[in-house]
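One-based numbering, in listed order, for ligands and for the atoms of each. The first residue of the sequence shown is numbered 1, and numbering continues consecutively from there. For clarity, every value in this text was computed on a predicted model and none was experimentally measured.
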Amino acid sequence: MLQKYHSTGKVKFLQYFNLHRHSTLLRKAALSPRLGFWAARLLGVSQVRLYQDALFMKYPRHGPTRWHSDLALSPFDTNAFVTVWLALTPVPAKGGAGLRFARGSHRDYTLHYHSDLAESYTQDDLSSRYIIQESSDLEPGDATWHHGWTLHAALPLDRKARSPRVAWALSFVASDAHILPDESLSIVQEAEDSVSFRPWICKIRPGSRAEHAMLPLLPAEP
Ligand SMILES: O=C(O)CCC(=O)C(=O)O
Ligand SMILES: [Fe+2]
C-alpha cells in the first residue's frame, strides 16, 4: 500500500508524504486536538494548520539523514512552524537513529548569510558551532518536537538492528501564516518537500494568506 506514496528524492532512506490525504484514520490522528493544542502552545500562537505528514523508514542499509531545517523547504513566510516526530518503533538512544538537534540553531539568524556555513550544514559535523542534542531512548508513541528552523539530522541505524526504524512526522504552521513572495517561492519549489504543496500552491497568490482546504485547521482546544 505504501509503495504508491513513496517519494524518490536524494535522501538515503524511505519517505512517504501526506498519508493523511489518503487514509481517514491517519487524517484523524494527524488532526488530533491534542497535537493541535501542543503545536500552538509551543509556537505561542492561537491555532495551527496541518502542513504535511511524512512517514520515515530507515533500514540498517540506509544512510544518514543530512542536516536540514524544515522551514527552509516550506513555502511559508513565517517563523511559526513546528514538527512533531513520533516514534512508531522503539528508538534506542544509541544506534536507533533518533533525531539529533543543533541546539539554538533556530535562533541563528546569521546562518543564511554565511554561504560557507550554509554549505557545511549539509555536512556532518556542526559541533564547533552548536551543542548537538541527541534524542534519548524512545518507545513507540514517544515524540520529539523541533522548531521549523532547528537544524536536525539522524545517523544511520545500527548495522545489527533487526528491524527498520519507523517514525511519523507532522508539521504544523500558524493559522495566519502567509505564503512566501514570488522570488523566494521559486527557490523552495525546487526542494524535496514540494510534493506537499504542489497540489494547492497554484491556487494561492504569493505573499497572501495560506488558506486552503489542504491546510486544515486544528481545533484550538484539546
Ligand atoms: O526521520 C528522519 O530521519 C528525518 C525526519 C525529519 O527530518 C523530520 O521529521 O523533520
Ligand atoms: Fe526534517
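Using modelled atom types and a 3.5 Å distance limit, the side chains of H68 and D70 yield a donor-acceptor pair. Side chain to side chain, S105 and T150 fail the donor-acceptor criterion of an N or O pair below 3.5 Å.
With D53 contributing its side chain and L19 its backbone, the two residues share a donor-acceptor pair below 3.5 Å. Side-chain atoms of H147 come within 3.5 Å of backbone atoms of N79 as a donor-acceptor pair (strictly under, hydrogens ignored).
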S196/N18 under side-chain hydrogen bond (donor to acceptor under 3.5 Å, both in side chains): CA gap, chis, key distance, verdict: CA-CA 7 Å; S196 289; N18 296 310; 3.0 Å; yes
Do any nitrogen or oxygen atoms of ligand 1 lie under 3.5 Å from a protein nitrogen or oxygen, and which ones?
| from | atom 1 | to | atom 2 | distance (Å) |
| --- | --- | --- | --- | --- |
| ligand 1 | 1 (O) | W85 | NE1 | 2.9 |
| ligand 1 | 1 (O) | R165 | NH1 | 3.3 |
| ligand 1 | 1 (O) | R165 | NH2 | 2.8 |
| ligand 1 | 3 (O) | T65 | OG1 | 2.7 |
| ligand 1 | 3 (O) | R165 | NH1 | 3.3 |
| ligand 1 | 3 (O) | R165 | NH2 | 3.3 |
| ligand 1 | 7 (O) | H68 | NE2 | 3.0 |
| ligand 1 | 7 (O) | H152 | NE2 | 3.2 |
| ligand 1 | 10 (O) | D70 | OD1 | 3.2 |
| ligand 1 | 10 (O) | D70 | OD2 | 3.0 |
| ligand 1 | 10 (O) | H146 | NE2 | 3.2 |
| ligand 1 | 10 (O) | H152 | NE2 | 3.0 |

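A perpendicular orientation is assigned to the rings of Y51 and W200, their planes being inclined by more than 60° (bins at 30° and 60°). Ring planes of F101 and H152: tilted class, angle from 30 to 60°.
Counting heavy-atom neighbours within 6.0 Å of L217 CG, excluding the residue itself, gives a total above 12.
Listed by chain and number, the protein atoms of type N/O/S under 2.8 Å from the Fe ion (ligand 2) are H68 NE2, D70 OD1, H152 NE2; waters are omitted.
Both L31 and V82 are assigned to one and the same hydrophobic cluster, defined by single-linkage of ILVMFWY side chains at heavy-atom distances under 4.5 Å.
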